[in-house]
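Worksheet: one structure, shown below.
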Amino acid sequence: MLEMMAYGFMQRALLASVLIGILCSAIGVFVVLKGLSFIGAGTAHAAFAGVALAFLLNLNPMGMAVMFGLMTVWITGLLVEKGRMKLDVSIGIFYTSTMAMAILFIGFMKAYNAELYGYLFGSILSVTPFDLAVIAGLGLAVLAAVFLFYKELQFIAFDQEMAEASGIPARNLFFLLISLIALTIVVSLKAVGAVLVYAMILIPAATAYQLTRSMKGMMIISILFGVLSSVSGMFLSFAMDIPSGAAIVLLATAFFFLAVLFSPKRRTSQLPVRTQKS
Amino acid sequence: MAEPIIRFSKASFGFPHRIALDEITLEIMEGEFIGIIGPNGSGKTTLLRALLGLIPPISGQVRIFDCACEKLRCRHRARIGYLPQKELVDENFPLTVFEAVLMGRFSSIGLFRRPSRADHEIARRAIEEAGLSDCLDMPLGHLSGGQQQRVFIARALAQQPQVLLLDEPTTGIDLPTQRTLLELIKKLHETLHLTVLLVTHDINMIVPFVNRLALLKTQLYAAGPPKEVLTKEILSQVYGKEVMVTEKGFVIVGDYHHA
């Protein structure tokens, strides 16, 4: 393992996987608890459409991905807030239409672009120093926001109406949360890919959900599994010469099924129901 | 009882083509326990949400702590404890009783700050007042419906409120537990000198606990001591069915008795 770490690209990949592991699994806790799973999938495809347009027009891919990602979550949030349509319908429309846009932009390109397809399937081993700087910069900004607004995000993940009623600016914080989800997806796009980034947000948090009965515990366990999956997936990718995104996500999925199998909640639900005194 | 803490002055809510509450005029005194009753869709929940500043009036005014509700600042909102109509919390939701109650402190703590030792102590005391000291670290979803309601009452108490708004707190709970819960609310009302507004369908259950009743059906039909409000004439007007009021003040509406 030490030999592997002699390579500069491996050092960058290790740093990127730790950062992405922490970032995705921390934001994933709120995604799972608030039932925003589908928003991640839709945003990932929208961000990829942004990247495709950037390549077509020779613009900065990250900038365009941020723009497309944020526009998608904000419009979705507004539509849901106005009660015009349900979240799954709204994001379903964005999911498919932005993917159609991506296909269209790729169709306009004269030649095959390997770098663009890197954003679709992800390649953590090809993270450049510039990519790493972007991942670190945006990633730390998202984590700082999660740290600063942790207690409020916790409250709106559990009960947004109550949070609003008790005087917390719940609406603004909901928009902050969906913006953080979009930024997390964009940050992870190059390393994990648009197809799989959403799994990195969802699976470690869903694994933690199986193993704990407190929100604090869920955050800690989710981050542990997120980092474990991304770092071990990255090493597996190098050692076995397999795609990194797939290795990371399949490892995370394996941890998830192990958690389901050994979940204390599963054991509790098999016990006879105890009548509790009120 | 002293000054009015809440004032509705000809306040209407909803949309111009669909009014939920029409020209409500009502004063609620500090320290009063008032039951809000009325049939389904009569605007009971709207009345509570208006007090929280979540629904602005389309005409008239509603003021709490002498401030227009829709302009309430965070520090005022924190003085109103609210228990919304709730479904049971998912059995697996990872939240302990203590974590849920501590959330009641968040608006008072403010943004960018962590709960202090004093906030933890206030949350613990609220849990104790709600009679849940043994459940501190239990997962919320493992508690019965009645216990979960106690947790939410504790969360409201952790805000250290002056006014407590309760929206159908006894729904979906068995009869003995409903009574225990109402006794707890009454005790808190007396010991903490809270102003309590409790929305319910259950007229007969609430009568022994309240100072006054407010009967709604889009408009305010009556407000006063239970004996004055629960008359055959007024109730028939509101419920539009045959109503019987027994000698002991027990209300029976149509073929359904409110007990």
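Excluded from the calculations below are hydrogen atoms, water molecules and symmetry mates; all remaining heavy atoms, backbone and side chain alike, are included. Each chain gets a letter, A, B and so on, in the order the sequences are listed, and its residues count up from 1.
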- Just by modelled atom types, is the A:Ser166 backbone N or O under 3.5 Å from a matching donor or acceptor in the B:Ser107 side chain? yes

Within the 4.5 Å heavy-atom criterion, are [X] and [Y] side-chain neighbours or not?
| X | Y | value |
| --- | --- | --- |
| A:Met162 | B:Met103 | no |
| A:Val29 | B:Pro94 | no |
| A:Gln154 | B:Phe106 | yes |

For [X], which atoms come within 4.5 Å of any heavy atom of chain A: side chain, backbone, both, or neither?
| X | answer |
| --- | --- |
| B:Leu54 | side chain |
| B:Leu181 | neither |
| B:Asp90 | side chain |

- Parallel under 30°, tilted from 30 to 60°, perpendicular over 60°: which one fits the rings of A:Tyr209 and B:Phe93? perpendicular

- Message: Does B:Arg117, at its CZ atom, have more than 12 non-hydrogen atoms belonging to other residues, nucleotides or ligands within less than 6.0 Å?
- Response: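 Open.
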
- Are A:Glu164 and B:Arg49 close enough for a salt bridge, meaning some N to O gap below 4.0 Å?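 Answer for the salt bridge query: no.
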
- Query: So, for B:Gly110 and A:Lys151, which heavy atoms are closest and what is the spacing to 0.1 Å?
  - Reply: O-NZ, 2.6 Å

What is the distance from atom [atom1] of [X] to atom [atom2] of [Y], rounded to the nearest 0.5 Å?
| X | Y | atom1 | atom2 | answer |
| --- | --- | --- | --- | --- |
| A:Thr212 | B:Asn92 | OG1 | CG | 11.5 Å |
| A:Met215 | B:Thr96 | CE | OG1 | 9.5 Å |
| B:Ile109 | A:Glu152 | CD1 | CD | 8.5 Å |
| A:Leu148 | B:Arg113 | CG | CZ | 13.5 Å |

- Task: Output the option from A:Ala208, A:Ser214, A:Gly217, A:Ala165 having the highest count of non-hydrogen pairs under 4.5 Å with chain B.
- Result: A:Ser214

- Of all of A:Phe158, A:Tyr150, A:Phe147, which one pairs up most often with chain B through heavy atoms under 4.5 Å apart? A:Phe158

- Residue A:Ala170 versus chain B: region with a heavy atom under 4.5 Å: neither

